[in-house]
Amino acid sequence: MQKKLKLWDAIMLVMGSMIGSGIFIVSADMMRNLGSGYWVIVVWIITGIMTVAAAISYGELSALFPKAGGQYTYLTEIFGKKMGFLYGWGLFTVIQTGTIAAVAMAFGKFTAYLVPSLNNAAPIFQSGEFQITWIQILAIAIILLLTYINTRGVESGKLLQNIFTGSKVIALLGLIAAGFIFVDVSHLAENFSLGTDSFNNLKKDITGNFLKEGWEPIGGMTLLGGIAAAMVGSVFSSVAWESVTFVSGEIENPKKNIVKSMIYGTSAVMILYIAVNYVYLNSLDRDSIAFAANDRVAVAASQNIFGSAGTIIIALLVMVSTFGCNNGLILAGARVFQTMAKDGLFFKSAVENNKNEVPGNALWMQGVWASLLCLSGQYGNLLDMISFVIVLFYMITVFGVIYLRFKQPDLERPYKTWLYPVTPIIYLLIGSGFCILLLIYKQQYTWPGFLMVLLGLPVYYFINRKKKENN
């Protein structure tokens, strides 16, 4: 692998992979679960602490194992090939490819804001509930275009990433400033007036629309369940920062630059996310956030800030954001599948680099599967269920830092986790609470994704049996 990515490129990859469509949408569901601006901000702060704590902990592993494959490599080195494969299986089947599909669909849906004929066009194909629409075709075209660009060399993907990440960060900063300068009526005091009181509103009418008058006070364990449910959105909006570890083999001085990029990048994004939510709370009242049309809180806020031009402004921002996000996901993910192939745990053809010194076959395999997920129409449900699994793998990897300290205390560690063992323990405690509360109150977010990962076990045993037969 050629070392063509500098520290700035790595930071742009972290930030660009994190900022997709979630920040523009998930706050609606968070408000329905908690009914209070205070608790919405608390959940974002908890998620920020979790994310940065994980990034700090991953830094130690990135310095110990500075090679392509990132989290897959860490899990394999610490816990063995089976654990590494289960992570890689989950990454290929839904975590990485499902995220690519969902982000591409978000690009398509917000493009339809600017080109209404995309929304109004009849489906290309329909059989019962299954249909193929022009928005899905546009999403697939974006995935294939970005895959092609990344097969042209890491510098092509790097340039695109830097331009689009820089653009969306500047646009978000502009939205944050405008959200306090140009709003005629501030709702901030109103949204915080309830203090620590919390409410939820998940009742629907017979047509499936939420009932605005259905707010009910909640507390105790019900509030904890609401916090866990709200965190599904904030956690999903804050993942994919570890993508930078997948391209370790192409980063200059990876032992130092990977940890720096993860800590700087995640910290900056979480500060942006909290600030954007303050904009929502300043420009919209509780009901306008909770019941924003199609959960597009950013659109509702932008209309209040910029007037009739708000829809166009936010549509363009989301298009830039999702395009750049997908470029980062596509660039990084294929490196994991190439590393798995080198270990004999993925298709052999994914091993080779193309003439541009990038894993072309792995990129196309990833792109084709993500495109099929776009057509399936099920990727959204899968992603709702996968936050639980993503956090489980984060927890296993963070635990690996502690485990290695006991198992191999004399290893030379170029970087040691800041405030060890407090930092990894903070992540493990918050992550455990999140997972346990979801298992108690929101099983629909847990077992389907967990089962999907467990389906990798028979595949793993099948691959190993084939290896033994061939030997």
Side-chain angles (χ1 to χ4, degrees), residues 1-2 65 67-77 79-101 104 140 143-154 157 240 242-243 245-250 326-376 378-379 382 386 389 393 449 451-471:
M1 292 289 186
Q2 297 181 9
F65 311 113
K67 53 187 178 182
Q71 191 169 351
Y72 161 77
T73 300
Y74 311 157
L75 290 170
T76 302
E77 293 278 357
F79 300 111
K81 279 194 172 184
K82 189 189 297 181
M83 181 63 76
F85 176 79
L86 285 178
Y87 170 73
W89 165 265
L91 198 74
F92 183 77
T93 54
V94 72
I95 295 173
Q96 195 81 357
T97 51
T99 305
I100 289 168
I140 291 170
I143 291 170
L144 298 180
L145 171 65
L146 287 171
T147 299
Y148 171 74
I149 290 170
N150 277 282
T151 63
R152 305 299 297 168
V154 72
E242 76 281 6
S243 292
T245 69
F246 301 165
V247 294
S248 300
E250 292 156 273
N326 248 354
N327 182 69
L329 294 170
I330 288 167
L331 184 155
R335 273 65 177 179
V336 179
F337 312 131
Q338 182 186 44
T339 305
M340 291 176 69
K342 289 176 180 176
D343 293 341
L345 297 174
F346 200 69
F347 300 106
K348 284 183 181 179
S349 57
V351 171
E352 298 300 324
N353 277 343
N354 63 15
K355 63 181 182 180
N356 299 310
E357 295 300 318
V358 293
N361 289 338
L363 278 161
W364 284 117
M365 290 173 192
Q366 173 184 257
V368 169
W369 181 245
S371 298
L372 289 173
L373 289 179
C374 283
L375 290 179
S376 74
Q378 301 303 310
Y379 60 89
L382 291 171
I386 213 68
V389 175
F393 278 120
L451 283 178
M452 181 166 295
V453 172
L454 289 182
L455 284 175
L457 280 174
V459 177
Y460 175 80
Y461 289 121
F462 175 77
I463 290 171
N464 277 283
R465 192 180 74 182
K466 283 286 185 185
K467 278 188 193 175
K468 288 176 183 176
E469 288 174 358
N470 292 336
N471 292 336

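Computation of the quantities below employed the complete heavy-atom set of this structure, encompassing side-chain atoms and omitting hydrogens, waters and symmetry-equivalent molecules. Throughout, numbering of the chain's residues begins at 1 and tracks the sequence.
A 4.5 Å side-chain heavy-atom check between Phe65 and Thr76 finds every atom pair outside the cut-off. Under the 4.5 Å side-chain criterion, counting only non-hydrogen atoms from C-beta, Ile330 is in contact with Gln366. When side chains are defined from C-beta on, Val358 counts as touching Arg335, because their heavy atoms get closer than 4.5 Å. Contact check for Phe347 versus Asn361: no side-chain heavy atoms found under the 4.5 Å cut-off.
A donor-acceptor pair under 3.5 Å is formed between the side chain of Asn354 and the backbone N or O of Thr151. A side-chain donor-acceptor contact under 3.5 Å links Asn327 to the backbone of Gly157. Between the Trp364 side chain and the Thr147 main chain, no donor and acceptor come within less than 3.5 Å of each other. No donor-acceptor distance shorter than 3.5 angstrom exists from the side chain of Gln338 to the backbone of Val336, with no hydrogens or angles considered. The backbone N or O of Leu457 sits nowhere less than 3.5 Å from a side-chain atom of Trp89 that would complete a donor-acceptor pair.
The structure places CG of Leu331 at 7.5 Å from CG of Leu363, a figure rounded to the nearest 0.5 Å. Note that NZ of Lys67 and NZ of Lys342 are 10.0 Å apart. Values are rounded to the nearest 0.5 Å. Separating the NZ atom in Lys81 from the CE atom in Met340 is a distance of 10.5 Å, to the nearest 0.5 Å. Expressed to the nearest 0.5 Å, how far CD1 of Ile143 lies from CG of Leu329 amounts to 10.5 Å. Here Thr97 contributes atom OG1 and Leu373 contributes atom CG; the two are 5.0 Å apart, rounded to the nearest 0.5 Å.
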*Tell me, with the steps shown, if Leu372 and Trp369 meet side chain to side chain contact (heavy atoms under 4.5 Å, CB included).*
CA-CA 5 Å; Leu372 289 173; Trp369 181 245; 3.9 Å; yes
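Each of Phe346, Tyr87, Phe85 was scored for a ring-ring contact (aromatic ring centres under 6.0 Å, His included) with Phe92, with one residue passing: Phe346.
Counted within 6.0 Å of OH on Tyr148, heavy atoms from surrounding residues, nucleotides or ligands total 12 or fewer; the atom is thus considered open.
The side-chain hydrogen bond (donor to acceptor under 3.5 Å, both in side chains) search around Asp343 returns Tyr72, not counting sequence neighbours. Scanning for salt bridge (Lys or Arg N to Asp or Glu O under 4.0 Å) contacts around Lys82 gives an empty result, with sequence neighbours left out.
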